[in-house]
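Reviewing the structure listed below.
Here is the naming used below: chain letters follow the sequence lines, and residue numbers restart at 1 for every chain.
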Amino acid sequence: MSGADSRRPHGLLAVLRLHGNPSWAILTEPMPIRDQLTAAIATALADLGIAEVPESVRLERPAQPEHGDWSSNAALVCAKAAGRRPRDLAAELGDVLVAASLPHVRSVEIAGPGFVNLRLDPGWLDDVLVDVVAAGVESYARFDLGKGERVQVEFVSANPTGPLHVGNGWWGAYGDSVARLLERCGWSVSREYYVNDTGGQIRRLGESLLARRRGDPVPDEGYQGAYVADLARAYDGPDDVLVAGRWAAEKILANIQATCSSIGIVFDEWYSQASIEESGAVAEMVADLESRGLVDREDGALWLRSTKLGDTRDRVLVKSDGDATYLAGDLAYHRDKFIVRGFDRVIDVFGADHHGHVASLFAGVAALGVDPGRLEVKLGQMISLVDGGAAATMSKRAGNFVPLDDLVADIGPDATRLLSLMSSVDQATTLDLSVVRAQSMENPVFYVQYAHARIASIERKGAERGVDRLPIDDADLSVLRHPRELDLLRRLEELPDVVVAACATRAPARVTTWVRGLAGDFHGFYHDCQVLGPDVAPAVTQARLWLVEAARIGFAVALDLLGVHAPESM
RNA sequence: GCCCCCGUAGCUCAACUGGAUAGAGCAGCGGACUUCUAAUCCGCAGGUUGCAGGUUCGAUUCCUGCCGGGGGCGCCA
């Protein structure tokens with residue numbers, strides 16, 4: 001269902017592609033240590049007669065410190081094809097790596113079932129610090145994997161029949177962060193909101209509005225929320241259901257737009273379903289499908305024979321009353337995305353309650369002659385809201401849902417975004433409003449932002465005391481050998497990998513996990529390693545100032561990907 | 001009945017797209033502030049990763065079945 005993901009750029013194959021045939025000579029070029037080790041392993045494998053390096057070969061940072069600084073599963077993965085026992089192959093691989101006398105590598109050990117563990121001198125982390133600082137916020141963990149490929153991310157797209165609810169905000173933050181990740185990895189991204197401003201729901205909205213204005217009870221199928229009454233008071237138009245509905249939808253949409261921007265979501269395009277129907281795009285799309293012999297008429301309606309394309313059932317495009325269905329509009333819309341506007345790839349973020357629509361969408365896109373691999377649909381699982389034990393719901397028609405605006409007013413935009421990006425989209429989550437409102441320790445945004453505020457505080461204090469940060473070339477980074485300092489550097493080294501993996505798997509939550517870890521490392525460092533002060537040697541102050549700067553860069557990159565602000569003080 | 005997602009510590013969630021001894025926060029207990037912000041740090045306790053098989057050198061991760069929860073199966077959107 002989801003399209004082909006981009007490959008990680010750090011695999012052995014990628015390095016070989018970048019640098020041509022394996023040769024020890026490539027190691028003379030300046031490269032991050034990770035790429036050097038990766039290339040070295042590829043070369044060593046080639047020396048051992050394994051030219052074809054499987055994609056599953058990895059160079060990883062082991063979870064256990066006893067397993068060294070870097071570890072590869074190469075021998076485990078290649079053993080069977082090479083007809084050798086994993087530990088034997090690992091031993092040979094280790095010998096070749098030792099003979100290569102790689103930079104920073106102190107020892108090579110074979111462990112467990114056949115891991116090759118590399119132990120480095122801490123100097124490799126000094127190189128990491130230099131890399132981070134040299135790249136800066138602009139370039140560190142930035143990639144050109146997308147090669148400028150144009151991708152559209154469609155998200156939120158909530159019906160303009162009421163304010164956004166908390167679930168919209170969660171999936172909205174998700175879609176926006178996926179867009180940010182794609183941008184950072186070199187894709188050209190367009191954020192789009194599909195406005196369902198037509199059809200029966202707009203009529204129902206109009207009916208509800210007019211009923212309110214007359215002082216009549218709102219119909220059972222109508223919208224009961226208090227916002228309808230507010231709108232009714234402001235409406236001075238005719239007693240026409242459609243006119244009233246469209247008027248209200250417009251007002252509501254303006255409110256939705258404001259809500260989105262309040263949590264840092266800005267769309268490039270608000271695409272109107274009504275405009276599609278009026279422009280004749282639906283008719284064009286139907287004609288396109290007719291020419292392919294995939295539609296016919298039955299019971300007065302026009303059907304897409306989507307079962308021919310893998311759907312579980314056929315779908316109606318034009319109802320017997322002559323109105324286009326939602327699917328028809330959406331297919332015309334997707335035809336516009338792929339064929340008219342020519343996006344290379346489209347990612348739709350829907351709520352899980354739209355699951356029933358997905359199969360027909362894919363079938364329809366295929367029917368239009370578009371490679372379905374270019375379409376990805378991410379379904380955000382449901383958010384259960386609990387308020388101090390009592391369940392809150394998200395029904396617009398019943399009018400008892402929790403508006404996103406209320407949550408943002410309670411806990412702020414940053415906490416809203418960070419909370420929503422804490423867990424995977426595939427994970428249905430439970431949010432206890434009473435707990436979150438309390439702004440207690442439950443709220444992780446403080447933990448992360450406080451770390452950044454401490455950085456800013458160090459910078460302020462340094463300026464007050466006249467401590468200048470001298471050029472990094474003049475700093476002796478080898479004084480950074482406290483476990484807290486090394487932890488921080490190891491964390492910073494991970495960010496590029498985290499960004500690529502988060503982007504490839506459309507999982508911004510990974511960035512959240514990482515930045516919380518960075519905050520933990522920084523708090524530990526802050527507690528144990530004073531930067532300024534009369535008892536700190538000047539050389540140590542200098543090195544630590546650069547370490548703090550690198551941490552600042554890490555926070556800035558990660559928090560920007562999440563759409564969370566990095567405050568100077570708290 | 002069929003399809004999708006999930007099931008991990010008391011609670012909310014992680015776990016580097018198959019790696020070695022499954023981690024954080026909160027809640028509980030006990031410690032650390034004359035310091036660049038204690039919204040912090042340190043320690044203790046907490047687990048048969050729903051159950052049973054399978055694939056693999058290796059499974060929370062992949063496959064099958066079952067149990068449980070959520071969502072979906074409209075000429076609604």
Exercise. Taking the same atom, C1', in B:U35 and in B:U21, what whole-Å distance lies between them?
Worked result: 38 Å
Exercise. Do any side-chain nitrogens or oxygens of A:Arg510 fall under 4.0 Å of OP1 or OP2 in B:U17?
Worked result: yes
For this session: Taking only heavy atoms on the protein side, list every residue of residues 530-551 of chain A lying under 4.0 Å from any atom of RNA chain B, sorted numerically.
Result: A:Gln530, A:Val531, A:Leu532
Exercise. Using the P atom in both, what is the distance from B:C5 to B:G18, to the nearest Å?
Worked result: 16 Å
For this session: Give a yes-or-no answer on whether the side chains of A:Ser360 and A:Asp311 include a donor-acceptor pair shorter than 3.5 Å.
Result: no
For this session: Mark yes or no for a side-chain to base donor-acceptor pair under 3.5 Å between A:Asn117 and B:A20, with no hydrogen or angle criteria applied.
Result: yes
Problem set entry | A:Arg506 versus A:Tyr174, closest heavy-atom pair with distance | O-OH, 2.6 Å
Exercise. Under 3.5 Å, is there a donor-acceptor pair linking the side chains of A:Asp535 and A:Gln530?
Worked result: no
Problem set entry | N/O (side chain, A:Lys319) to phosphate O (OP1/OP2, B:C76) under 4.0 Å | yes
For this session: Find the distance A:Gln427:CD to B:C11:C1' and express it as a whole number of Å.
Result: 14 Å
Problem set entry | Face-to-face stacking of A:His67 with B:A20, centres under 5.5 angstrom, angle under 30° | yes
For this session: Between A:Asp299 and A:Arg516, name the one whose nearest nucleotide on RNA chain B is closer to the 5' end.
Result: A:Arg516
Problem set entry | B:G25 base stacked by A:Tyr447 (centroids within less than 5.5 Å, tilt under 30°) | no
